[in-house]
Amino acid sequence: MDLSDLKNKIAIVGVGYTPQGKVPGRTVSSFHVEATRNAIEDAGISKEDVDALFLYRYFAPSSYDYDTTGFTVTEALGITPSVVSQEHQCTRGWLYHAVSLLMTGLAKYVVISFADNSRSSRRAFVNELSNGEATNDLAAFGDLSTVAKYAMQGRRAMELYGSGPEVWKEISIAQRNWALLNPIAGMYGKPLDEAGYYAARKVVDPFRLLDATPTTDGGRAVVLTTAERAKSLKQKPVYIRGIGSNHHMVLASKISVEDGENSAASIASKKAFKMAGITLKDIDALQLYDCFTYTVEATLRDYGFFRLGESKEFLTKERLGPGGELPVNTSGGMLSEAYFMGMTPLSEAVMQLQGRAGDRQLGVLKGTKEPGIIVVSDNGGVFQSHATLVLSSEV
Amino acid sequence: MARLEKTVFFPPKVTPETEAFWNGCREHKLLVPVCRHCGKTYWPAGKFCPDCLSEDTGWKEASGKGTLYSYVVFEQAFHPSLTEKLPYVVATVDLEEGVRLVTNVTDCELEEVRCGMPVTVDWADGEQYTHPVFVPVKE
């Protein structure tokens with residue numbers, strides 16, 4: 001499939017933030033409304049211009065919230081779009097939907113919004129039980145939580161291919177160092193060193209608490225439109241130069257560290273890089289989906305930055321952190337900024353390419369260069385679903 | 001040192017497609033789905049073969065021999081009833097028959113567990129269900 005006709009035809013033109021971290025007393029819907037309102041203001045459009053609204057994904061409501069869907073959010077926004085949609089689980093196609101709607105003209109402005117109140121409502125990311133009853137066969141083995149599935153991959157990489165806490169601490173500290181430059185980051189003002197990483201308790205061995213992203217209250221939204229329309233809007237457009245996606249719809253347990261070129265990340269990134277006409281050396285920075293430290297390792301490996309067995313040499317806090325040659329997750333990422341799933345890396349890439357990233361701005365911060373191309377990843381399930389986005393500041 | 005004992009967790013949610021597997025467990029038979037049309041084993045269970053989409057599918061009894069692909073050690077209880085069971089090991093095992101199962105490793109010391117180790121099936125019998133666990137093969 002040759003997607004090069006789509007290159008740089010769609011742009012991201014606005015980003016919406018909300019208060020984040022621990023923000024008690026808020027419904028999910030209210031965060032969607034706030035993030036969307038701020039994104040459309042940022043873009044310089046009015047809410048009536050939004051003719052497609054996607055909610056990034058569905059979460060079961062907390063004890064003090066109603067079910068939140070695309071329909072309830074359109075009502076709360078007072079809009080009547082042509083298209084309302086919502087990803088149900090971790091496999092996400094909204095990027096393809098958005099590009100398709102905009103290219104065909106079925107929609108002129110698409111908003112993607114994420115919101116959650118899991119921190120204050122203390123909703124656990126455990127899908128295998130519902131009210132103490134099993135939802136599938138995994139609870140029969142005590143196999144609860146997403147962290148266990150990722151830790152399973154991490155263990156294999158650790159015992160056979162030289163990965164492990166020595167590598168993951170580097171990722172953790174590098175991203176923390178970025179967060180120290182980002183006043184809205186959850187870990188702003190909280191420096192982390194090796195001793196601090198190792199002091200974190202084990203959750204599901206080999207993962208410590210600091211290998212996993214903390215939950216966050218809040219929301220994040222972006223506005224997309226055609227490159228043509230983007231020219232007359234308020235912000236400098238950020239162009240989608242390449243997209244790629246792949247869904248390995250298999251059980252998490254069937255994913256292998258050794259999947260290599262058959263991994264969803266490898267397949268998705270190859271499509272995106274081909275459409276964009278780039279190779280790895282054209283990439284100025286990456287904003288990667290980092291639900292766990294090991295996810296960053298696996299993504300960079302499957303993208304081809306290093307081979308299986310080479311993570312210890314490649315992944316250093318010096319290389320990935322502020323002033324390093326390969327900046328990764330410059331907001332602090334989900335691990336140290338905030339857990340808005342794929343919207344955390346996407347929004348940070350846009351802000352960096354627009355030159356709006358404050359003290360952490362690449363090209364302004366000492367030892368960094370102004371970014372022209374930033375690669376963004378979105379990862380779902382347990383390495384089962386992956387999307388790669390190549391974003392560019394120039395057409 | 002922590003000894004890994006057989007333990008029972010939560011009764012699985014059983015569907016028409018997984019019922020035969022769980023019934024087999026009660027009789028200490030490890031059944032894997034197999035396509036009679038193309039001959040391939042597959043997982044998870046399903047009425048249709050995911051390879052050739054034939055519905056001429058059934059079950060075959062596995063040897064119970066396999067290799068540990070990977071494992072994790074639960075140090076945190078994700079449900080209050082699990083606190084007393086910590087630490088326990090959840091593992092994935094590649095069966096000789098070519099499918100990978102989620103399971104537990106038991107009847108050994110925690111420190112013995114290694115990726116790639118040969119294992120064989122055993123059974124954790126509970127009042128409501130029996131599930132397969134795997135134990136190291138002694139040299």
Side-chain angles (χ1 to χ4, degrees), chain A residues 122-164 200-209 211-212 248-259 292 294 382, chain B residues 2 7-15 17-19 21-22 25 42-45 50 68-82 85-94 98-106 110 113-117 124 126 128-134:
Chain A
R122 304 184 63 80
R123 192 193 63 243
F125 283 76
V126 172
N127 303 317
E128 298 83 357
L129 287 177
S130 177
N131 299 319
E133 301 275 322
T135 58
N136 54 36
D137 57 5
L138 296 176
F141 305 93
D143 184 14
L144 307 183
S145 87
T146 305
V147 57
K149 279 73 174 172
Y150 278 88
M152 191 79 77
Q153 299 292 317
R155 170 78 67 182
R156 179 82 179 182
M158 175 176 158
E159 285 199 5
L160 274 75
Y161 305 106
S163 181
R201 70 181 167 86
K202 296 267 185 75
V203 179
V204 181
D205 192 343
F207 281 1
R208 289 172 167 80
L209 198 59
D211 290 309
H248 270 47
M249 297 312 297
V250 299
L251 289 178
S253 52
K254 289 160 77 172
I255 296 291
S256 292
V257 171
E258 299 85 353
D259 283 340
F292 300 96
Y294 174 69
V382 183
Chain B
T7 185
V8 174
F9 297 95
F10 301 89
K13 185 170 188 175
V14 177
T15 75
E17 295 182 333
T18 65
E19 195 175 7
F21 174 83
W22 291 105
C25 289
Y42 57 92
W43 194 265
L68 193 79
Y69 179 75
S70 192
Y71 68 98
V72 295
V73 188
F74 277 77
E75 306 274 1
Q76 176 179 319
F78 287 88
H79 187 271
S81 67
L82 299 176
K85 298 179 190 292
L86 300 176
Y88 64 89
V89 167
V90 172
T92 47
V93 166
D94 288 322
V99 300
R100 185 182 293 167
L101 301 184
V102 171
T103 184
N104 304 117
V105 175
T106 66
L110 177 56
V113 184
R114 284 285 171 273
C115 293
M117 72 195 286
Q128 292 174 277
Y129 78 107
T130 292
H131 75 277
V133 299
F134 282 77

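Letters go in sequence order (proteins before strands), and every chain restarts at 1. This is a predicted model, so every value here is computed, not measured.
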Contacting region of [X] [heavy-atom separation from chain A under 4.5 Å]:
X        : answer
B:Tyr69  : both
B:Tyr71  : both
B:Thr18  : neither
B:Leu86  : neither
B:Trp22  : side chain
B:Pro132 : both
B:Tyr129 : side chain
B:Ala91  : backbone

Which atoms of [X] approach chain B - backbone, side chain, both or neither, heavy atom under 4.5 Å:
X        : result
A:Val126 : side chain
A:Leu144 : both
A:Val257 : both
A:Asn136 : backbone
A:Thr135 : backbone

Item to check | Residue among A:Ala134, A:Ala252, A:Ala148, A:Ala139 with most heavy-atom pairs under 4.5 Å to chain B | outcome: A:Ala139
Checklist outcome for this item: Most heavy-atom pairs under 4.5 Å with chain B, out of A:Met152, A:Gln153, A:Met158, belong to A:Met152
Item to check | Parallel, tilted or perpendicular: ring planes of B:His131 versus A:Phe141, cut at 30 and 60 degrees | outcome: perpendicular
Item to check | Heavy-atom pair count under 4.5 Å with chain A, highest-scoring of B:Val14, B:Val89, B:Thr103, B:Leu82 | outcome: B:Thr103
Checklist entry - Is there a donor in the side chain of B:Arg100 and an acceptor in the side chain of A:Ser256, or the other way round, less than 3.5 Å apart? => result yes
